[in-house]
Amino acid sequence: MKESYRQADENELVQASLKGDKLAFEEIVSRYRKLVARTVKGMLGDSVFAEDIGQEVFIKLYYSLPEFRGEAKLSTYIQKIAVNLTLNEIKRRKRFFSMFSQKGNNEMYEYEIADHEAAEKREATELVNKALMGLDPKFRVIVVMRMLQGYSTKETADILKLPLGTVLSRLSRAQEQLKEILQTI
Amino acid sequence: MNPTEIKKLIIASAAEEADPHETPGKLEDEGVSFDFSSDFTDKVISRIFTEKLTVIRDIDFGRSLSTVFYRIALTGVAAIVILLLSIFLSEGSISFNSFLGMGNTYDESVLYLLTGI
């Protein structure tokens with residue numbers, strides 16, 4: 001049963017999930033978890049909260065599937081949910097904890113180092129995380145969309161519902177900030 | 001992992017003229033990867049389907065409660081009808097006084113009963 005969904009297209013998966021098919025939705029989660037992880041962990045850092053927000057993204061997706069009309073790709077739809085939930089989390093944290101200091105995030109890192117290769121991967125991901133965490137969230141989200149998700153400037157503007165000019169100017173300022181941040185790392 | 005290369009890629013990705021489609025692949029080649037824990041999918045599925053069951057249970061409870069209220073309301077209406085009927089049969093009318101049990105009582109008797117004078 002599960003094998004049959006490996007070949008299924010997104011429309012089949014959505015229709016089956018709408019009928020309450022657990023395995024179909026499991027396949028959706030398996031296919032798009034990395035996409036969500038790049039956005040959520042890129043924005044929030046590799047913290048324990050990122051895992052919770054990742055789960056929230058798929059829970060929200062499940063309950064909003066009846067509203068998905070298939071006009072856009074499922075990945076874009078998921079991406080929008082991920083961005084919205086992550087930005088809400090950042091706002092919530094800013095309000096209550098004034099977090100995002102590098103120290104605070106490092107304390108919450110959870111890694112499993114299996115071997116040398118895993119340790120190298122961890123270091124590489126940590127470097128990207130450090131650079132991203134140093135950015136203002138409104139610049140960070142744009143860099144995550146382009147650098148980690150590979151969206152064009154126009155696609156980024158569409159997902160974030162921002163004018164193209166705003167995305168371009170923020171991208172330019174983000175690049176300046178990144179140069180400064182990376183000099184110190 | 002080459003930190004200098006990764007730094008270059010990060011800065012270049014924010015350039016307007018950069019091809020954004022290439023950067024994720026290049027970063028992955030350098031070992032940059034983002035994913036959730038191995039039991040992430042199971043956790044999501046369990047949360048969705050456990051919460052769904054809770055919602056169904058809540059709906060069932062709500063339905064049972066409204067059925068109970070409906071039955072209580074019907075019993076109440078039946079009791080009121082029987083009461084009015086019995087008042088009408090015993091007092092001959094369903095005026096406010098008869099409803100209060102004073103239908104056939106003279107005012108003086110009531111005063112006597114209340115004040116003893």
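Because only heavy atoms are used, hydrogens play no part in the values below, and waters and symmetry mates are left out as well, while side chains stay in.
For chain A, the option among B/E22, B/E28, B/K43, B/K26 with the highest count of heavy-atom pairs below 4.5 Å is B/K43. Here B/P20 is the residue among B/G31, B/S33, B/P20 with the most heavy-atom pairs under 4.5 Å with chain A. Chosen from A/G54, A/A174, A/A50, the residue pairing most often with chain B at heavy-atom distances under 4.5 Å is A/G54. For the set A/I181, A/T153, A/V36, A/V167, the entry with the most heavy-atom pairs within less than 4.5 Å of chain B is A/V36. Contacts with chain A were tallied for B/D19, B/I11, B/D35; B/D35 has the most, counting heavy-atom pairs under 4.5 Å.
Inspection of the A/E26 and B/T41 side chains reveals no N or O donor paired with an N or O acceptor under 3.5 Å.
Because its NZ or CZ atom is both nearer than 6.0 Å to the ring centre of B/F49 and within 45° of the ring axis, A/K22 counts as a cation-pi partner of that residue.
Between A/E56 and B/R47, at least one side-chain nitrogen of the basic residue sits less than 4.0 Å from a carboxylate oxygen of the acidic one, meeting the salt-bridge criterion.
Considering only heavy atoms from C-beta on, A/V40 stays 4.5 Å or farther from B/F34 through its side chain. Using a 4.5 Å cut-off on side-chain heavy atoms (C-beta onward), A/L127 and B/K7 make contact.
Scanning all heavy atoms of the two residues, the minimum distance from B/V32 to A/V128 falls at CG2-CG2, 3.6 Å. Nearest heavy-atom pair, B/P24 versus A/Q149, reported as atom, atom and distance to 0.1 Å: CG-C, 3.9 Å.
Note that CG of A/L61 is 7.5 Å distant from CD1 of B/I48, once rounded to the nearest 0.5 Å.
In summary, the aromatic rings of B/F36 and A/F58 are positioned with their centroids too far apart to meet the 6.0 Å limit.
Of the possible donor and acceptor atoms, one in the side chain of A/R146 sits under 3.5 Å from a partner among the backbone N and O of B/A15.
Residues A/I142 and A/L164 do not share a hydrophobic cluster, defined by chaining ILVMFWY side chains whose heavy atoms lie under 4.5 Å apart.
Using a 4.5 Å cut-off between heavy atoms, B/I45 touches chain A through its side chain atoms alone. The part of B/L27 that comes within reach of chain A is its side chain, from C-beta onward, which places non-hydrogen atoms under 4.5 angstrom from that chain.
Heavy atoms of other residues, nucleotides or ligands lying less than 6.0 angstrom from CZ of A/R31 number more than 12.
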